[in-house]
2 protein chains.
Amino acid sequence: MRPLFHPALEDIRPEAILYALSDPERVAIFAKLATAGCGGTCSALADLGDRVIPKSSLSNHFKVLRESGLIRSERQGVEMRNQTRCAELDQRFPGLIRSILVAYGQFPGQLETMSGEQSRDRQ
Amino acid sequence: MRPLFHPALEDIRPEAILYALSDPERVAIFAKLATAGCGGTCSALADLGDRVIPKSSLSNHFKVLRESGLIRSERQGVEMRNQTRCAELDQRFPGLIRSILVAYGQFPGQLETMSGEQSRDRQ
DNA sequence: TCAACAGTTCCGAATTTCTGAACTATGGAA
DNA sequence: TTCCATAGTTCAGAAATTCGGAACTGTTGA
């Protein structure tokens with residue numbers, strides 16, 4: 001398994017962000033992560049209610065989210081911990097993520113790491 | 001030639017907007033329209049500097065922009081007049097278009113019909 | 001009536017997406 | 001250790017999408 005790629009903040013491209021979030025399944029996953037309340041593992045995010053995303057598709061969704069710079073993934077034992085990069089992203093693209101989530105009706109008030117706490121970054 | 005389809009404001013879907021604007025060529029076209037200064041015809045927008053978009057691709061770009069709800073196209077004689085639906089869109093998805101254009105570095109201060117003038121709508 | 005022009009449609013090639021099946025990595029139990 | 005279960009990744013082929021040249025359509029002006 002090749003090491004997971006995460007773009008540096010300055011390498012994040014708006015087209016990648018928009019592309020990643022132009023898929024409602026990925027938005028649903030990202031919104032769940034952004035609004036916390038879930039463990040952040042892949043499997044915990046597979047159930048969208050109306051359908052269960054196949055494993056391989058899910059894995060690909062996470063790859064797209066990760067490589068576009070929207071999330072950070074980190075192996076923890078047998079599973080994967082995912083977290084959004086909202087705080088960083090808001091620095092680079094002010095207001096973007098928020099207005100996208102609002103547009104999707106996925107902004108219930110509290111974004112995990114956005115604007116509030118300045119994220120105790122580990123790198 | 002079938003009649004051009006324009007979604008009603010309430011039928012505009014965020015995923016369509018993001019998808020349409022996840023392509024840098026379409027963003028370039030849309031930004032030129034949004035910041036005025038050009039006629040709004042297709043051919044006037046074909047030249048991106050580094051490459052000239054083929055006619056059929058250009059036509060498709062306009063179709064994507066139109067059917068996502070980002071622009072309105074109207075035949076005027078032999079050519080097509082295009083205009084953004086920024087004012088309407090900002091009503092439905094507050095801040096979205098603006099923050100996207102800012103993210104792309106395509107927001108030079110003056111958006112044609114956004115927030116300022118409430119657009120003398122023709123319909 | 002005809003030619004020119006702006007843009008659309010068609011269609012085949014190339015690329016991308018999707019997902020089941022096989023595989024890999026980790027941790028726990030025997 | 002070895003073995004099994006679990007979480008997720010990679011592979012591969014089918015399906016869907018995108019791209020763009022060539023042919024077509026609709027409009028204007030000569």
Side-chain angles (χ1 to χ4, degrees), chain A residues 1-6 13 15-30 32-33 38-48 50-68 70-84, chain B residues 1-6 13 15-30 32-33 38-48 50-68 70-84:
Chain A
M1 207 178 304
R2 29 187 106 99
L4 304 178
F5 171 71
H6 294 92
R13 325 235 42 217
E15 55 266 42
I17 299 289
L18 292 227
Y19 172 74
L21 295 181
S22 69
D23 180 320
E25 288 192 345
R26 279 194 292 265
V27 173
I29 293 170
F30 182 76
K32 274 203 209 175
L33 273 176
C38 89
T41 66
C42 295
S43 53
L45 295 153
D47 188 353
L48 259 45
D50 50 346
R51 88 156 189 149
V52 174
I53 306 174
K55 260 177 14 151
S56 57
S57 303
L58 197 62
S59 182
N60 187 58
H61 282 331
F62 276 94
K63 185 182 180 194
V64 171
L65 290 171
R66 185 168 55 240
E67 302 195 342
S68 71
L70 281 161
I71 66 172
R72 208 177 276 286
S73 312
E74 181 179 6
R75 178 152 222 159
Q76 204 155 71
V78 76
E79 61 195 12
M80 210 69 141
R81 292 274 139 184
N82 295 286
Q83 55 182 308
T84 72
Chain B
M1 206 179 306
R2 28 188 107 99
L4 303 178
F5 171 72
H6 293 92
R13 323 236 41 219
E15 56 266 42
I17 298 289
L18 293 226
Y19 173 73
L21 296 182
S22 69
D23 179 320
E25 288 192 344
R26 279 193 293 263
V27 173
I29 292 169
F30 181 76
K32 273 202 209 176
L33 273 176
C38 89
T41 66
C42 294
S43 53
L45 294 154
D47 188 353
L48 259 45
D50 50 345
R51 87 158 190 148
V52 174
I53 307 175
K55 258 171 27 141
S56 59
S57 304
L58 197 63
S59 182
N60 188 57
H61 281 331
F62 276 95
K63 184 182 182 196
V64 171
L65 290 171
R66 184 168 54 241
E67 301 196 342
S68 71
L70 281 162
I71 66 172
R72 206 178 276 286
S73 312
E74 183 179 4
R75 179 152 221 159
Q76 203 155 69
V78 77
E79 62 195 10
M80 210 68 142
R81 293 273 138 184
N82 295 287
Q83 57 182 306
T84 71

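Residue numbers begin at 1 in each chain, while the letters A, B, ... track the order of the sequences. Please read all numbers here as calculations on a predicted model, not as lab measurements.
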Please report the distance, rounded to the nearest Å, between [atom1] in [X] and [atom2] in [N].
X	N	atom1	atom2	answer
Glu74(A)	dA7(D)	CD	P	18 Å
Arg81(A)	dT6(D)	CZ	C1'	14 Å
Lys63(B)	dT17(D)	NZ	P	12 Å

Quiz prompt | Nearest-nucleotide 5' precedence on DNA chain D, Glu79(A) against Pro3(A) | solution = Glu79(A)
For [X], side-chain contact (heavy atoms from CB on, under 4.5 Å) partners two or more places apart:
X	value
Ser22(B)	Leu18(A), Tyr19(A), Tyr19(B)
Glu25(A)	Asp23(A), Leu48(A), Arg51(A), Ile53(A), His61(A)
Ser56(B)	none

Practice problem: Sugar-phosphate means primed atoms, P, OP1 and OP2; the rest is base. With that split, encode nucleotides 21-30 of chain D 5' to 3' as B, S or - using protein heavy atoms under 4.0 Å. | Solution: BB--BBBS--
Quiz item: Which two nucleotides bound the region of DNA chain C that has atoms under 4.0 Å from heavy atoms of chain A, read 5' to 3'?
Solution: dT17(C) to dG27(C)
Exercise. Rounded to the nearest 0.5 Å, what's the gap from CG on Leu70(A) to CG on Leu21(A)? Could you check?
Key: 5.0 Å
Quiz item: For DNA chain C, whose closest nucleotide is more 5', that of Glu25(A) or that of Leu4(B)?
Solution: Leu4(B)
Practice problem: Using a 4.0 Å heavy-atom cut-off across all strands, classify Arg26(A) as base, sugar-phosphate, or nothing. | Solution: nothing
Quiz item: Quick one: does Arg26(A)'s side chain have a donor or acceptor within less than 3.5 Å of a partner on Ala28(A)'s backbone?
Solution: no
Exercise. Could you pull out all residues at least two apart from Glu67(B) that satisfy salt bridge (charged side-chain N to carboxylate O under 4.0 Å, His left out)?
Key: none
Quiz item: With sequence neighbours left out, what residues match Arg13(A) under side chain to side chain donor-acceptor pair (under 3.5 Å)?
Solution: Glu15(A)
Quiz prompt | By side chain to side chain donor-acceptor pair (under 3.5 Å) - contacts of Ser73(A) (at least two apart) | solution = Arg66(A), Asn82(A)
Quiz item: Which listed nucleotide (dT9(D), dG8(D), dC19(D)) is nearest to the side chain of Arg66(A)?
Solution: dT9(D)
